[in-house]
Amino acid sequence: MPELPEVETIARGVNARVRGDQIVEAWFGSHREPFKNSPARQAKGLEGRTILEVHRAGKHIVCELGSVVSGSQAARGRDGQVEAEWIVHLGMTGRLLVTTPSNPVEVHTHARLTMASGREVRFVDPRRFGRLEFRDLKKGRRFHAPGAEPLAIAAAEFAVLFRGRKLAIKAALLNQTLLAGVGNIYADESLFRAGIRPRRAAGKLTRPELERLRLALVEVLQRAIRRGGSSVSDYVDADGVRGFFQLEHRVYQRTGEPCLVCRTPIRRLVVAGRSTHYCPKCQR
DNA sequence: ACAGGCTCCTGCAGGC
DNA sequence: TGCCTGCAGGAGCCTG
């Protein structure tokens with residue numbers, strides 16, 4: 001399931017391939033609701049625009065778009081003003097692929113963008129937990145992830161996020177309005193590396209524990225980005241290539257297996273409705 | 001205001 | 001072998 005490192009990997013891959021390219025035609029094939037605004041409105045909004053840049057914000061992929069221009073003008077559209085955004089949330093099983101129109105279209109393909117370069121951008125999502133949104137910045141505001149960026153937040157700011165909160169630290173890490181981009185895998189992995197039990201009340205963690213947690217989170221996220229993300233179900237990057245960080249998971253989906261540090265069997269429990277994995281000896 | 005739980009959706013694993 | 005059940009989970013929504 002795509003979390004920050006997977007979304008970052010995809011955003012970088014898409015950016016490298018379609019930055020400066022123009023959307024010639026947009027096709028939206030779903031009648032049900034992976035869309036925040038109607039498929040017709042999104043298609044109309046996207047067509048003719050140049051993709052100025054693609055980046056990640058929390059778990060969202062944001063495609064910054066220029067104004068609608070004719071073909072000859074599009075070639076010099078790379079540095080234009082951002083006038084619209086296409087925001088992609090992958091949910092659990094969403095994939096954003098850059099391919100060519102001749103490649104077979106797989107089932108659950110909900111959107112296809114034909115690019116002037118001959119490439120094609122596809123959004124595929126079997127479980128339909130993903131979301132697509134078009135924003136015309138003349139009518140609306142730019143997209144911002146609701147929570148803080150875990151890779152950029154300072155120690156003091158990080159500690160303030162959890163102050164006075166009674167909920168489990170694991171649940172707090174998953175709350176996107178506090179930190180944007182952390183999901184189940186990296187919550188479990190960072191808590192293990194910080195030696196903190198997932199059920200501890202967020203507000204009761206000491207300052208040193210919170211700082212250990214922040215540093216563990218940064219380390220695990222950066223390391224995962226370098227490995228191209230974790231492929232645990234069907235995650236692939238913009239080229240359809242799997243990541244490798246799942247090979248470095250120390251607790252996630254290792255229930256009953258020995259802890260890599262102390263050999264104690266890894267335990268599983270449910271926190272905030274999510275399966276949660278931890279070492280009862282290493283995490284206090 | 002805040003926290004916890006339910007729901008959406010499909011593919012796959014496990015059990016009988 | 002084949003069917004059925006249950007589980008996976010991000011985030012919006014509802015409830016207490």
Side-chain angles (χ1 to χ4, degrees), chain A residues 1-11 29-37 39 56-62 87-96 105-111 123-133 143-150 160-191 198-205 217 221 224 229-236 242-243 245-246 249 251-257 266-278:
Chain A
M1 49 235 68
E3 303 180 27
L4 189 152
E6 293 77 32
V7 177
E8 179 71 32
T9 302
I10 293 166
S30 263
H31 40 284
R32 293 247 218 115
E33 275 293 311
F35 307 109
K36 279 210 170 177
N37 36 34
R56 177 193 63 77
K59 291 179 194 169
H60 300 260
I61 298 165
V62 181
I87 302 135
V88 178
H89 192 294
L90 301 170
M92 267 192 73
T93 53
R95 276 142 51 203
L96 196 63
V105 178
E106 49 188 310
V107 287
H108 307 302
T109 298
H110 305 299
F123 175 71
V124 184
D125 183 17
R127 224 164 286 186
R128 294 172 183 267
F129 279 22
R131 288 290 177 269
L132 303 174
E133 179 186 0
F143 175 82
H144 292 287
E149 278 292 333
V160 168
L161 292 179
F162 305 106
R163 188 177 290 166
R165 291 182 185 272
K166 289 175 189 161
L167 82 168
I169 184 62
K170 161 82 182 256
L173 287 172
L174 294 178
N175 185 336
Q176 299 299 298
T177 62
L178 297 178
L179 280 175
V182 183
N184 210 31
I185 296 171
Y186 299 101
D188 280 6
E189 292 296 319
S190 61
L191 285 168
R199 272 209 181 127
R200 294 267 308 278
K204 292 257 174 96
L205 295 183
L217 193 53
L221 292 172
S230 300
S231 288
V232 292
S233 53
D234 50 1
Y235 162 75
V236 290
R242 289 167 61 85
F245 193 71
Q246 69 279 7
H249 292 174
V251 286
Y252 184 75
Q253 287 188 345
R254 293 194 63 247
T255 309
E257 293 176 41
I266 298 301
R267 282 193 200 158
R268 176 188 179 275
L269 47 80
V270 175
V271 180
R274 301 284 168 267
S275 64
T276 297
H277 315 77
Y278 73 104

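Convention: sequence-line order gives letters A, B, ...; per-chain numbering from 1. Side-chain atoms are counted along with the backbone in the values below, which use heavy atoms only and exclude waters and symmetry mates.
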Without hydrogens or angle criteria, can the side chains of A:Tyr186 and A:Ser230 be said to hold a donor-acceptor pair below 3.5 Å? yes
A:Pro126 or A:Asn175, whichever maps to the more 5' nucleotide of DNA chain B: A:Asn175
I want to check one thing: is the phosphate of C:dC7, taken as OP1 and OP2, less than 4.0 Å away from some side-chain N or O of A:Ser275? no
Assess whether one donor atom and one acceptor atom, taken from the side chain of A:Arg274 and the base of C:dG10, lie less than 3.5 Å apart. yes
Starting at CG of A:Leu4 and ending at P of C:dA11, how long is that distance when rounded to a whole Å? 11 Å
Winner on side-chain proximity to A:Glu3, out of B:dG11, C:dA11, C:dG10, is C:dG10
If I take atom NE2 in residue A:His89 and atom P in nucleotide C:dA11, what distance separates them, rounded to the nearest angstrom? 3 Å
Quick one: sort the A:His108 and A:His110 rings into parallel, tilted or perpendicular, breaks at 30° and 60°. tilted
Please answer whether C:dA11 and A:Phe129 are stacked, defined here as ring centres separated by less than 5.5 Å and planes angled under 30°. no
Using a 4.0 Å heavy-atom cut-off, does A:Tyr186 contact any base of the nucleic acid, only the sugar-phosphate backbone, or nothing at all? nothing
So does A:His108 get a side-chain nitrogen or oxygen closer than 4.0 Å to the phosphate oxygens (OP1/OP2) of B:dC9? no
Is any side-chain nitrogen or oxygen of A:Lys166 closer than 4.0 Å to OP1 or OP2 of B:dG4? no
Ion pair A:Asp125/A:Arg95, N-O distance below 4.0 Å: no
Salt bridge (charged side-chain N to carboxylate O under 4.0 Å, His left out) between A:Glu8 and A:Lys59: does it pass, once the steps are laid out? CA-CA 8 Å; A:Glu8 179 71 32; A:Lys59 291 179 194 169; over 6 Å; no
Please work out which of the three classes, parallel, tilted or perpendicular, describes the rings of A:His277 and A:Tyr252, given edges at 30° and 60°. perpendicular
Measure the distance from CG on A:Leu174 to P on C:dA11 and round it to the nearest whole Å. 9 Å
CG/A:Leu4 to CD/A:Glu6 distance, rounded to the nearest 0.5 angstrom? 8.5 Å
Has the side chain of A:Arg165 got a donor or acceptor that lies under 3.5 Å from a partner of the other kind on the base of B:dA3? no
From CG of A:Leu132 across to P of C:dG10 the rounded distance in Å is 18 Å
Which whole-number value in Å describes the distance from A:Asn184 CG to C:dA11 P? 12 Å
In whole angstrom, give the distance that lies between atom CG of A:Leu90 and atom C1' of C:dG9. 14 Å
Here the distance between atom P of C:dG16 and atom CG of A:Leu167, to the nearest Å, is 20 Å
CD of A:Gln253 versus C1' of C:dG9: gap in Å, rounded? 11 Å
Looking at A:Arg128, does any N or O in its side chain come under 4.0 Å of the phosphate oxygens OP1/OP2 on B:dT10? yes
Going by an N to O cut-off under 4.0 Å, is there a salt bridge joining A:Glu149 and A:Arg56? yes
Short side-chain N/O contact to C:dA8 OP1/OP2 from A:Tyr252, under 4.0 Å: no
Would A:Lys170 and A:Leu191 satisfy side-chain contact (heavy atoms from CB on, under 4.5 Å), going step by step from the backbone distance to the final call? CA-CA 8 Å; A:Lys170 161 82 182 256; A:Leu191 285 168; 4.0 Å; yes
Describe, as an angle rounded to 10 degrees, how the axis at the first end of the helix from B:dC2-C:dG16 to B:dC16-C:dG2 is tilted relative to the axis at the last end, five pairs per end. 50°
